[in-house]
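Quick note on labels: first sequence line is chain A, next is B, and so on, each numbered from 1. Since this is a predicted model, take the numbers as computed values, not measurements.
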Amino acid sequence: MLHQIGLHSAEDLFASIPEELRLTRALDTPAALSEIELLAGFERMAANNAASQRASFLGAGAYSHYIPTIVDHIISRSEFFTAYTPYQPEISQGTLQVIFEFQTLVCQLTGMDVANASMYDGSTALAEAVLMAERVTKRSKVVACGAIHPEYLEVVNTYVQHAGIELKHVAFEPSSGQVPASIAHLDDRTAALVVQSPNFFGCIEDVAALAEQAHNAGALLIVAVTEAMSLGLLKSPGAAGADIVIAEGQSFGVPLSFGGPYVGLFATRDKYARQIPGRLVGEAYDKQGRRGFVLTLATREQHIRREKATSNICTNEGLIALAATVYMETMGRRGLRDVAVQCAQKASYTSRRISEIEGFSLPFSAPTFNEFVVLGPGNAAELLSRLAAERDINGGLALSRYFPDRPNDFLVCVTEINSRAEIDALLDGLADIAHSSA
Amino acid sequence: MLHQIGLHSAEDLFASIPEELRLTRALDTPAALSEIELLAGFERMAANNAASQRASFLGAGAYSHYIPTIVDHIISRSEFFTAYTPYQPEISQGTLQVIFEFQTLVCQLTGMDVANASMYDGSTALAEAVLMAERVTKRSKVVACGAIHPEYLEVVNTYVQHAGIELKHVAFEPSSGQVPASIAHLDDRTAALVVQSPNFFGCIEDVAALAEQAHNAGALLIVAVTEAMSLGLLKSPGAAGADIVIAEGQSFGVPLSFGGPYVGLFATRDKYARQIPGRLVGEAYDKQGRRGFVLTLATREQHIRREKATSNICTNEGLIALAATVYMETMGRRGLRDVAVQCAQKASYTSRRISEIEGFSLPFSAPTFNEFVVLGPGNAAELLSRLAAERDINGGLALSRYFPDRPNDFLVCVTEINSRAEIDALLDGLADIAHSSA
Amino acid sequence: MRSADITKVTSHISHNEALIFERSQTGRIGYRLPPLDVDETAIDEIVPKKFQRDDDLEGLPEVSEVDVIRHFTRMSTWNYSIDLGMYPLGSCTMKYNSRLNEKVARIPGFANLHPLAHEKEAQGALQIIYELQHHLAEITGLPGVSLQPAAGAHGEMTGVMIIRAYIDARDGEGASANRRTMLIPDSAHGTNPASAHLSGFSVKTIRSTAEGLTDLAHLREICSHGDVAGLMLTNPNTLGLFERNIQEICQIVHDAGGLVYMDGANMNALVGIARPGDMGVDVIHLNLHKTFSTPHGGGGPGCGPCCSTAELEPFLPVPRIVKSETDVSAGGGATFRVDFNYPQSIGRVKAFFGNYGMMLRALAYIQTHGNDGLREATEAAVLNSRYIAHELASDYEKPFDAPSMHEVVFTDKRQSRKGVHTLDIAKRLIDYGFHPMTIYFPLIVQGAMLIEPTESVGHQELDQFVAAMRAIAREAVDDPELVLNAPHSTRIGRLDEAAAARKPVLRWKPKQAASAG
Amino acid sequence: MRSADITKVTSHISHNEALIFERSQTGRIGYRLPPLDVDETAIDEIVPKKFQRDDDLEGLPEVSEVDVIRHFTRMSTWNYSIDLGMYPLGSCTMKYNSRLNEKVARIPGFANLHPLAHEKEAQGALQIIYELQHHLAEITGLPGVSLQPAAGAHGEMTGVMIIRAYIDARDGEGASANRRTMLIPDSAHGTNPASAHLSGFSVKTIRSTAEGLTDLAHLREICSHGDVAGLMLTNPNTLGLFERNIQEICQIVHDAGGLVYMDGANMNALVGIARPGDMGVDVIHLNLHKTFSTPHGGGGPGCGPCCSTAELEPFLPVPRIVKSETDVSAGGGATFRVDFNYPQSIGRVKAFFGNYGMMLRALAYIQTHGNDGLREATEAAVLNSRYIAHELASDYEKPFDAPSMHEVVFTDKRQSRKGVHTLDIAKRLIDYGFHPMTIYFPLIVQGAMLIEPTESVGHQELDQFVAAMRAIAREAVDDPELVLNAPHSTRIGRLDEAAAARKPVLRWKPKQAASAG
Ligand SMILES: Cc1ncc(COP(=O)(O)O)c(C=O)c1O
Ligand SMILES: Cc1ncc(COP(=O)(O)O)c(C=O)c1O
């Protein structure tokens, strides 16, 4: 082929690169491995992840739920897996209809009117929601209330730092764990009130009450949901009056995978549709009146609006949105509630039983879904590392990781995959270790 | 729906079954399990298969070779996986073209003219070959020579017991391990000479010489190959003069899976095409002259010829034939030889090194491919079970399982997946254990 | 043609992909091996030159990994499959194949287990065989189970050989030599006579009655000759009808000194509802790749277990997988054992233990459904077929009045008046996005169309199928040509099968070679 | 229409499948959970009624597992994909995605690992991040690497924020306030200005020259204003041309007190050949889902690592994954650590560690190719594009003479005389079985057709593509209508996008609800 196009050597292909810029040595990266060697190598490294092999009660924004086998089968179909953004609708109807169903399911679960085709994850979705609130209200202050996932707040901080947005925090109420009854900072300069429910401590917030306060101040209410599974049981944020709802969709059929890829859900009211970030798929018809789907309202997007776009996002989380869609449709109307109820039941059994153990208590009074904070008799990090070492159980997250002032608190998450046996082993472990170190 | 068709209860559906025959109780089989429970249960049982988890030198008709990742991906495509026998060519061209390619590849590797769409496995393929030889020659005696896989012989025995075929055995030559120079029983009543190469002991037979003897007696030569990988390096049976070649295709991308499903390869000469058992796919054209493929020469088969069919086979091993096809095409012209050469090299290294260990020797002088018999210092079964227990290595097969008169012999198989480290561990293990028990 | 106004339920197939040999490009490779890590010897010293290939594997393809992926992905799109839609292929029970079962079969502890591993180190695998045997015995009511046969026909051969071995033992070689007749209804599947022949029996055919059932009079008459070794009966039979005289049939055969073999390919109509063992059947085969949903894979692998009465158990193939009465595991013995010690056994019918991977899937099927689920599946399968029988009766000829079980047979009698035959109707169905039903089987029904929906389709899909069949019935009247030239929507049209058989081309050959000969 | 005589290279798509909501049938379920195994409490006691849903999830689908499988399998057949054929979508590097990498990503030790697991218990996972960072640093020649960004645009935002943070630190808040201008060539991808805006910069556009390169004079002139924080340059640029003045460009920007950001979306033209770090670039993003073959997945997930000079390293997002100098593992410490202690960091851009699953795949890609393989892939990618540039020059207008790198741009200038435009050519290409090229991008080229074959196609496929493009050029002259009405072979024709945007329907609603509002 080289000769066909009049070249002599591969080197000639790069003639337009100045000689002195061309690499004259081989890259200092490893030599090629065969499949056999490669797999053996990764298996060795995987074996080095002790935490992946045991019963776990870790949640805090990434959840272990059962994933129906068909999810991975479907997302592995070459036609979904090796296609890209559906720029050519005539040969992308599979992806487009899936996204349309995804948008619909997100609207149904969040109780909103319109949802986009996905964001990178929950944390960036929250940051984009804050930026959108500023665009919608033309106000520049945002009030984040109560226990919001600390990493989500960090991301919001990064995004708003150059956007001229002032971010205020309202601490959670220490006895309930929820947002306090009256919220400081909320005024006519406030673009949005941001709340997470269930919040980082697992406490369910009174979203309806917060919506009222926000709306009274002419601000939007942004509700963040890190445990999307809660939507199967809890009142939808939309029904409670939220203006923008964002969620982390990982709970819907997506493996933990050390933190990603996950998928951000983003939904709002019809009237704000043209302010939404990211891609939107809409219904369209061809000359013969056949229904199809297309990327629409593109005038919001970077490839057309450049610096005036509603966001810089281009590639989103297509395949993960597909996984979530397969999950939501497989579980369906009945299953999504069943799982949510099992989570709530198992978590409530566990919290009840832990609170009965000498030296352990539940510091917060608010109702919870499948996560709750436990106040232990001593340093939680040590307690948990002993639990891991001696009982081979991940007992949860020591809050000191994010809240140095709460050394003895830890966050426990229980889902449908935690069997009674695992839970009882956790209870015994906590009791024995606390006792032995007392 | 029941009512739409005028019934009242599910029970009514079975009105044509006499009351007294209907089951009035629930089946005494387990209650339904969820995916979570089911997988946990099977994982528990899998953990009970110690032998599956260690370095292994077991061959003897089932071989551990590397399986490229794409093989399982392709056979899992719904379109291949959930289709059935291609009775309707217009919507089965995928399966049909694959089989046509499979038939071609089998012909190329065996050096024959025509191959069928697959048999159940190597053992039943051999039995069908014997029956076919009887049909072709109208002779009723079959001579099985040398070290043929004992389980294959058992199957042949079962098949021929009611077919009026007399099965004679010619023992292998004890010093070489091969078929003796002159073959008893071979006469003008002999329909076929059956030989396996490499034989059960791994010894390569002089197929050309045997073909000559068979043909001189007017008999067919049937060559059985249990290690199909040998075809990448060894002279094809066809080139050596075989009339029917059967092989076990498991080595081509098929997991061990405790013995099945595997795939039987069956090939012969053009002149016998109409005597071949099983399905055949051939080229065909439609009205517009477009090339396609169809099941052909069906008049040989049971659904048309009934008791006069060349075989009773109907469902064969379609999906496994597909896996073998993907494997053969992925490895291709170069890869099939490369793997075969690596097997031969590693086996020869191993046999050489074992023979250097005090107390171990190689009882047979014939050249081998990737399997060879080792004569140990003591009881082979005990030696191997200690090797498993103490070194976590499956050292091979104690021949006493099939040859009670060879208590100290064992059969060792080495393939491309046995690393130098594994081989050296085997060598050390044999030396130490033999030494410690000496 | 009208395919524009067709509401298709599955994918339109039209596409072009050469044979891999035609795509081959010298020097391309799609694999990579680790470097050889042992000291190398000259290959001629390992294998003498005369035993080596000298053709350099000429003709085998040279392609890259992407080439392979695209080659098979493209070809796959030419196939219809269960995952794409309803596949009402009568007698084949094309039910949904759960992906969960595939995950089970791929668990390394099973997939990497060598069949000759020591039984003590394969207890999990043996336990699965044992449990499946146990469940199948309960489902059929026949206690002796062998999972060794690789498919239905293989199971038939095994079952018939068992009958022969039993009679030889019972009557003694001499006497038994006069019992070499196997009775088979004219409606039976072709594998039945072929399997009987393989076992050295001569076949006598039993007529079916006008209602499509075994003709008792004819059976009695033939049984009176005293040479009958047995009867091979399919129940429900291949017309989808339950042989309501089954008990009497068995009685007649037994009284004549014969045994009754039941072809269990149609067990999807009976699981949880009735058991062959309770009907007087002596031995049966099952198709795990039908009733128990192991994948059809484009034509196998299957698994055709044989289930027998206690009386016939000693004759089942060896080895058998048994459970030690006493818990010997303590004493170092194995709980589940591979037992070769059955002197009366017909012998081995397949190497190793049979198609083990299919056993894993079938057990998973039984466990995920549970006993109620198994019964419900049967009810749904029969209900769906009955629904089709009801809805199509107005447009197609239904040769038998008796209520159908899991499948129903229609004929082209009405359509053929206009010159439209079963084959045409089947091909036209393709344009509507369905896989055709089984056609021209059973042979005793002229222009038979055997429809088996299975439990895997919902009401919606059934109605779409019925609508398609009715539309075709209308087309057969209004526009026969349209039907006669179907399918119109596929990659290729009807192929000239006669020409293909006259001068068969069964493999690819390089151009020159081809022209050479 | 002529699609009969078209030799299609991929699957014909025509098919009909309703929305899942339209398929829903009350009472059908597709899941099964284990029974609740803890003592149950009244749900209202756990969650007060007022916090519970009261809509019973009305409207969510009720379907069986088979329904779901058929629904998605059918829809999938409407997609074109890399596994079906050549996908020359310019700027997107649609190369083959190895299935081996998928196996790696699914190893339970990674797939089941929680991101908040203690670092000591996730050493394997952290080591992979560390090694990938290390390799990307070597490949780009930029030592500071963060894998946190989720995609290219995210990496851009990160990189530009780093520039801003660096300048703030260098000049001090006050002075730096006057450096808020980000320069971006008019040929740049839309995400560049959008990302600059997100970071609080105002964008000034740099013209391109007639040869399609950055206009140095214009650059100098704008840089003289003293307010320039930096330049975002794509290299090779979006026209597929290498910015041969890159060193001078960097010099100009540096002299003006600005930094140079390089959009690395086109790194597939450079890997193993040249390194941005050696060119004077300060910070770059990579698209692992392009250059390093992580699957495109119908639009993500991606991964957009940021690589920077040592000088900018302190500003990278936290946490960083670092290796302890001393082997502390003995002392119980971790070898690979999650380090939050970077006070100058711009902060966190994403929860946890970024799209970890993509990092696994990219590392596997680097390891399977090896260093030679990486270079060979680049050579093949450029050769393939150069071949297309050569073969199509006779039929299509090539706006720039400079030799193309991994992709080449053509225009519809000649065809448009006959009223056939880029969009029409793209749609017609579908009938020939190819995915169209990127069209109307970059914006500065009227009727642009940006073609990127990647290294994954062989000579055969390239020639088929060239033949298709030539045939279309002919059709544009002989039969424009045919091209203007393309595609003819798909499930649906061109959709009315204007109408869709005017009255957007962005979700399904139950009939009554829909009519209601
Ligand atoms: C009634 C009947 N009997 C026997 C068989 C043979 O089963 P198999 O194809 O598994 O050999 C079949 C299936 O084809 C059948 O339908
Ligand atoms: C030149 C260029 N820059 C940036 C991007 C944005 O990358 P991503 O889509 O991963 O956000 C793309 C890809 O769309 C691109 O082609």
Side-chain angles (χ1 to χ4, degrees), chain A residues 5 10 13 16 21 27 29 31-33 42 45-46 48-52 58 74 77-79 82-85 90-91 93-95 104 120 123 151 154 158 162 255 257-261 282-284 286 290 292 296 302-303 306-307 309 312 314-319 330 333 335 348-349 420, chain D residues 30-31 37-38 46 57 60 72 75-76 78-83 107 109 111-115 117 121 123-125 135 150-151 153 190 193-195 197 200 203 242 296-302 347-348 351-353 355-357 367 370-371 379 382 390 490 492-493 495 500 504-505 507-508:
Chain A
I5 61 173
L13 292 166
S16 57
L21 290 184
L27 281 175
T29 57
L33 294 181
F42 276 97
M45 297 215 253
N48 244 333
N49 299 326
S52 66
L58 263 177
I74 289 168
R77 289 270 306 168
S78 292
E79 293 83 346
T82 69
Y84 200 19
T85 310
E90 299 87 348
I91 47 174
Q93 284 300 306
T95 298
T104 303
Y120 300 140
S123 68
E151 298 200 5
E154 291 173 34
T158 307
H162 307 307
S257 191
F258 205 46
E283 204 173 85
D286 70 4
R290 289 173 294 192
T296 190
Q302 45 73 27
H303 61 279
R306 323 267 306 169
E307 59 267 40
N312 68 330
C314 179
T315 293
N316 52 27
E317 303 292 302
L319 198 69
T330 303
R333 184 178 182 180
S348 114
Y349 167 83
R420 170 68 173 267
Chain D
Y31 74 98
D37 57 0
V38 300
I46 300 173
L57 292 168
L60 273 98
F72 286 96
M75 288 193 295
S76 74
W78 308 337
N79 273 5
Y80 190 95
S81 66
I82 293 173
D83 283 1
I107 293 172
N112 302 339
L113 185 60
H114 194 287
E121 305 196 317
Q123 284 294 293
H135 297 327
S195 300
H197 174 72
V203 173
F242 187 85
H296 284 81
R348 184 187 274 284
F352 309 126
F353 306 105
N355 283 346
Y356 184 75
Q367 292 183 350
N371 48 3
E379 290 169 354
V382 174
H390 182 271
T490 51
I492 51 162
L495 295 162
V505 176
R507 61 168 290 188
W508 171 87

Ignoring hydrogens, what is the shortest heavy-atom contact between E307(A) and V203(D)? Give both atom names and the distance.
OE2-CB, 3.9 Å
Do you know which of R290(A), E283(A), Q93(A) makes side chain to side chain contact (heavy atoms under 4.5 Å, CB included) with L495(D)?
Q93(A)
Among A153(D), G30(D), A151(D), which has the most heavy-atom pairs under 4.5 Å with chain A?
A153(D)
Leading residue by heavy atom contact count with chain D [cutoff under 4.5 Å; candidates A10(A), A284(A), A309(A)]
A284(A)
Donor-acceptor under 3.5 Å (N371(D) side chain, L27(A) main chain):
yes
Under a 3.5 Å distance rule, please check whether D286(A) uses its side chain to pair with a backbone N or O of I492(D) as donor and acceptor.
no
If I measure from the heavy atoms of chain D, does L33(A) come under 4.5 Å with its side chain, its backbone, both, or neither?
both
Heavy-atom proximity to chain A below 4.5 Å, by part of H296(D):
both
Okay, Y349(A) and chain D: the region with an atom under 4.5 Å from a heavy atom over there is side chain
OG1/T82(A) to CG/D83(D) distance, rounded to the nearest 0.5 angstrom?
4.0 Å
Using a cut-off of under 4.5 Å on heavy-atom pairs, state which of F72(D), F353(D), W508(D) scores highest against chain A.
F72(D)
Short question: side chain of S16(A), backbone of F242(D) - any donor-acceptor pair under 3.5 Å?
no
Could you tell me which of G357(D), A117(D), G298(D), A500(D) has the largest number of non-hydrogen atom pairs under 4.5 Å with chain A?
G298(D)
With distance as the sole test, does E154(A) use its side chain to make a donor-acceptor pair with the main-chain N or O of G347(D) at under 3.5 Å?
no
Counting heavy-atom pairs under 4.5 Å with chain D, which one of G335(A), A83(A), G318(A) comes out on top?
A83(A)
Taking G292(A), A50(A), S78(A) one by one, which has the highest count of heavy-atom pairs under 4.5 Å against chain D?
S78(A)
Most heavy-atom pairs under 4.5 angstrom with chain D, which of T330(A), I74(A), T296(A), L21(A)?
L21(A)
Taking all atoms of both residues into account, what is the closest heavy-atom pair of S348(A) and I46(D), and its distance?
OG-CD1, 3.6 Å
Contact leader toward chain D among R420(A), R333(A), E79(A), Q302(A), where contacts are heavy-atom pairs under 4.5 Å:
R333(A)
Is the backbone of A125(D) close enough, under 3.5 Å, to the side chain of N49(A) for a donor and an acceptor to pair up by distance?
yes
Taking all heavy atoms of A351(D) and all of S123(A), pick out the closest pair and write down the distance.
N-OG, 3.1 Å
For the interface with chain A, which of N112(D), L57(D), V382(D) has the highest count of heavy-atom pairs at distances below 4.5 Å?
L57(D)
Side-chain donor/acceptor of T315(A) to backbone N/O of G300(D), under 3.5 Å
no
Minimum heavy-atom distance between L319(A) and P301(D), given as atom pair plus value:
CB-CD, 3.8 Å
In short, A111(D) meets P255(A) closest at the heavy-atom pair O-CB, 3.6 Å
If you count heavy-atom pairs under 4.5 Å with chain A, which of P193(D), G200(D), S195(D), G370(D) comes out on top?
P193(D)
Ignoring hydrogens, what is the shortest heavy-atom contact between G493(D) and E90(A)? Give both atom names and the distance.
O-CG, 3.8 Å
Tell me, with the steps shown, if M45(A) and I107(D) meet side-chain contact (heavy atoms from CB on, under 4.5 Å).
CA-CA 10 Å; M45(A) 297 215 253; I107(D) 293 172; over 6 Å; no
